[in-house]
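Shown next, in structure tokens, is the structure this report addresses.
Everything numeric here is computed off the predicted structure, so don't read it as measured data. One is the number of the first residue; the rest follow in order along the sequence.
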Amino acid sequence: MCINKSSINQKTEYTIKDEVIRLSWNEKLAEFGLHMGLVISGMLITAVVYFGLLIITFDTVDTIVPGYWSDSTIKSVALVIVSACTGNACAFFCFPYLIRLVFRGYELQDNRLDRSVRKLVSATGMNITAERLYAINSKTANAVVSGLFRKSRYIFFTKKLLEKMTEEEIIAIFAHELAHAKHRHIPKMLFAVMLWICAIQTFLYLIGFNHYFNASDESLKMLVVSLITCLNVWLMLFLVLFPLSRKNEYEADSTAASWVGIDSYKSALHRLYQLNDKLKPPPVYTRVLQPHPTLQDRLDRVAQLNSK
């Protein structure tokens, strides 16, 4: 692989002579199906735990203390919040196992990754022997870290990434995933979800005190509450999780670049986007709808490390 670098207007450009991963329509459909299966599985776990805990707790307490729920709405709101937070926590905990189930693969025994681990332990000072490395079947080049707790944490690499990227590039991508773990980005995402749940349930509780809302027809009340409930997930994604995800990516980029070197990291990052045929930036109006920043935004942020 040949990499030529030149600086133009303080921006780095790369010319990489290698193939690009271009998927056929049926391969794209299969990849989409796998990702949707992962999302639906996580939502199903959340829903089962949420409704199960809600119903069991409500019935058990009402049996032991009859009329307990009738004298205070805030008790019901607290139960909903605890049940929803517990359901989401269970989904976050199960996510690495869901990835293994949906994408399938095998635990990695790769000499390049063994060398990467030794180099990153030396560079970061982190004890990363507890993290399990796993190769998954996917048509794209990607890596992801998952797991709420250190002993249940997995770092996943797709087979395409391992096949198409060099050892130094793999080290850089590996460093990025370790940076997510170092900054505890997954627990922070869960905490953001929990705060959002508290905010929404508090809002629903407070509008019950609104005079005009209480004076409205019951069907209108049901419509308003149903609309808020349906929009809840999308609002959480676009207002909380996606902006937080982009912030986390910038933070992981900066940390990983400081570990492996800015030029090496920028080259690996560019290579990852190039492999997945994503060098062309998306339209400006769609950037807020994506969990990851654009390549140029990420390269520019990393380049700012040179000036510090």
Side-chain angles (χ1 to χ4, degrees), residues 27 29-56 82-110 113-114 116-117 120 126-163 170 173-194 196-197 233 236-237 240-242 244-245 248-249 252 272 291-292:
E27 289 175 327
L29 190 61
E31 285 290 293
F32 178 77
L34 289 173
H35 283 93
M36 286 306 299
L38 188 62
V39 172
I40 291 171
S41 298
M43 292 176 66
L44 184 61
I45 290 174
T46 302
V48 169
V49 174
Y50 168 65
F51 286 111
L53 188 60
L54 197 65
I55 293 169
I56 291 172
V82 171
S83 300
C85 289
T86 304
N88 279 278
C90 288
F92 270 71
F93 177 80
C94 293
F95 217 70
Y97 308 105
L98 292 177
I99 294 176
R100 289 181 56 182
L101 178 66
V102 171
F103 284 91
R104 302 194 178 278
Y106 53 88
E107 195 158 350
L108 271 172
Q109 298 294 331
D110 190 305
L113 286 169
D114 288 340
S116 299
V117 169
L120 289 172
M126 293 175 64
N127 178 10
I128 59 177
T129 55
E131 280 77 8
R132 277 168 280 189
L133 309 182
Y134 213 82
I136 56 176
N137 297 309
S138 177
K139 299 293 183 180
T140 58
N142 203 1
V144 64
V145 60
S146 185
L148 267 180
F149 306 108
R150 185 165 171 260
K151 290 187 177 180
S152 62
R153 186 179 299 144
Y154 281 81
I155 297 178
F156 296 96
F157 299 88
T158 66
K159 289 183 179 179
K160 285 292 184 182
L161 182 144
L162 297 172
E163 292 170 359
I170 291 173
I173 301 303
F174 194 179
H176 176 88
E177 301 309 324
L178 284 177
H180 280 305
K182 178 180 176 63
H183 293 295
R184 298 180 176 86
H185 287 158
I186 296 174
K188 287 177 181 177
M189 293 286 277
L190 175 60
F191 183 66
V193 170
M194 290 180 171
W196 178 264
I197 291 170
V233 175
M236 181 175 64
L237 283 176
V240 179
L241 293 186
F242 283 3
L244 181 58
S245 176
N248 290 344
E249 288 302 313
L272 187 66
H292 283 64

Practice prompt. Indicate the atoms forming the closest heavy-atom contact of Cys94 with Ile45, along with that distance.
Written response: CB-CD1, 3.8 Å
Practice prompt. Describe, in one word, how the ring planes of Tyr154 and Phe156 are oriented to each other, choosing from parallel (under 30°), tilted (30 to 60°) and perpendicular (over 60°).
Written response: parallel
Worksheet entry | Smallest separation among heavy atoms of Tyr97 and Ser152, with atom names | OH-CB, 3.5 Å
Discussion item. Between Glu177 and Phe157, does the side chain to side chain contact (heavy atoms under 4.5 Å, CB included) criterion hold? Intermediate values first, please.
Written reply: CA-CA 10 Å; Glu177 301 309 324; Phe157 299 88; 5.6 Å; no
Fill in: Flag, side chain of Glu107 to backbone of Arg132, donor-acceptor distance under 3.5 Å
no
Discussion item. To the nearest 0.5 Å, what is the distance between CG on Leu54 and OG1 on Thr86?
Written reply: 10.5 Å
Worksheet, complete the sentence: dist Ile173:CD1 -> Leu161:CG (nearest 0.5 Å) comes out at 6.5 Å
Practice prompt. Taking the side chain as every heavy atom from C-beta outward, state whether Ile186 and His180 have any atom pair closer than 4.5 Å.
Written response: no
Worksheet item: Between atom CZ of Phe103 and atom CD of Glu31, what is the distance when rounded to the nearest 0.5 Å?
Response: 6.0 Å
Worksheet item: Distance-only, no hydrogens or angles: does the Arg100 side chain make a donor-acceptor pair with backbone N or O of Ile136 under 3.5 Å?
Response: no
Practice prompt. Could you point out which residue of Val102, Ile99, Asn137 forms a side-chain contact (heavy atoms from CB on, under 4.5 Å) with Leu34?
Written response: Val102
Worksheet item: Out of curiosity, His292 NE2 to Glu249 CD, how far, rounded to the nearest 0.5 Å?
Response: 3.5 Å
Worksheet item: Do side-chain atoms of Lys188 reach the backbone of His183 as a donor and acceptor pair under 3.5 angstrom?
Response: yes
Worksheet entry | Expected output: side-chain Thr158 to main-chain Asn142 donor-acceptor under 3.5 Å | yes
Worksheet item: Which distance, rounded to the nearest 0.5 Å, do you find between the CE of Met236 and the CG of Leu244?
Response: 11.5 Å
Item to complete: Apply side chain to side chain contact (heavy atoms under 4.5 Å, CB included) to the pair Leu148 and Phe95, showing each step before the final yes or no.
Response: CA-CA 9 Å; Leu148 267 180; Phe95 217 70; over 6 Å; no
Discussion item. Restricting to non-hydrogen atoms, name the atom on His185 and the atom on Ala252 that form the minimum distance, rounded to 0.1 Å.
Written reply: CE1-N, 4.2 Å
Worksheet item: Got a second to check how far Lys159's NZ is from Thr140's OG1, nearest 0.5 Å?
Response: 13.5 Å
Worksheet entry | From CA spacing to verdict: side chain to side chain contact (heavy atoms under 4.5 Å, CB included), Leu162, Ile170 | CA-CA 7 Å; Leu162 297 172; Ile170 291 173; 4.1 Å; yes
Discussion item. I'd like to know if the side chain of Thr46 reaches the main chain of Ala91, judged simply by a donor and an acceptor atom lying under 3.5 Å from each other, with no hydrogens or angles considered.
Written reply: no
Response to the item:
On a heavy-atom basis, the closest approach of Ala141 and Leu272 is O-CD1, 3.5 Å
Worksheet item: Should Ser138 and Lys160 be marked as a side chain to side chain contact (heavy atoms under 4.5 Å, CB included) after you check the CA-CA gap, both sets of side-chain angles, and the distance that decides it?
Response: CA-CA 7 Å; Ser138 177; Lys160 285 292 184 182; over 6 Å; no
Response to the item:
Closest heavy-atom pair, Pro291 versus Ser245, reported as atoms and distance to 0.1 Å, is O-OG, 2.8 Å
Worksheet item: Looking at side-chain heavy atoms only, is the closest gap between Asn88 and Leu190 below 4.5 Å?
Response: yes
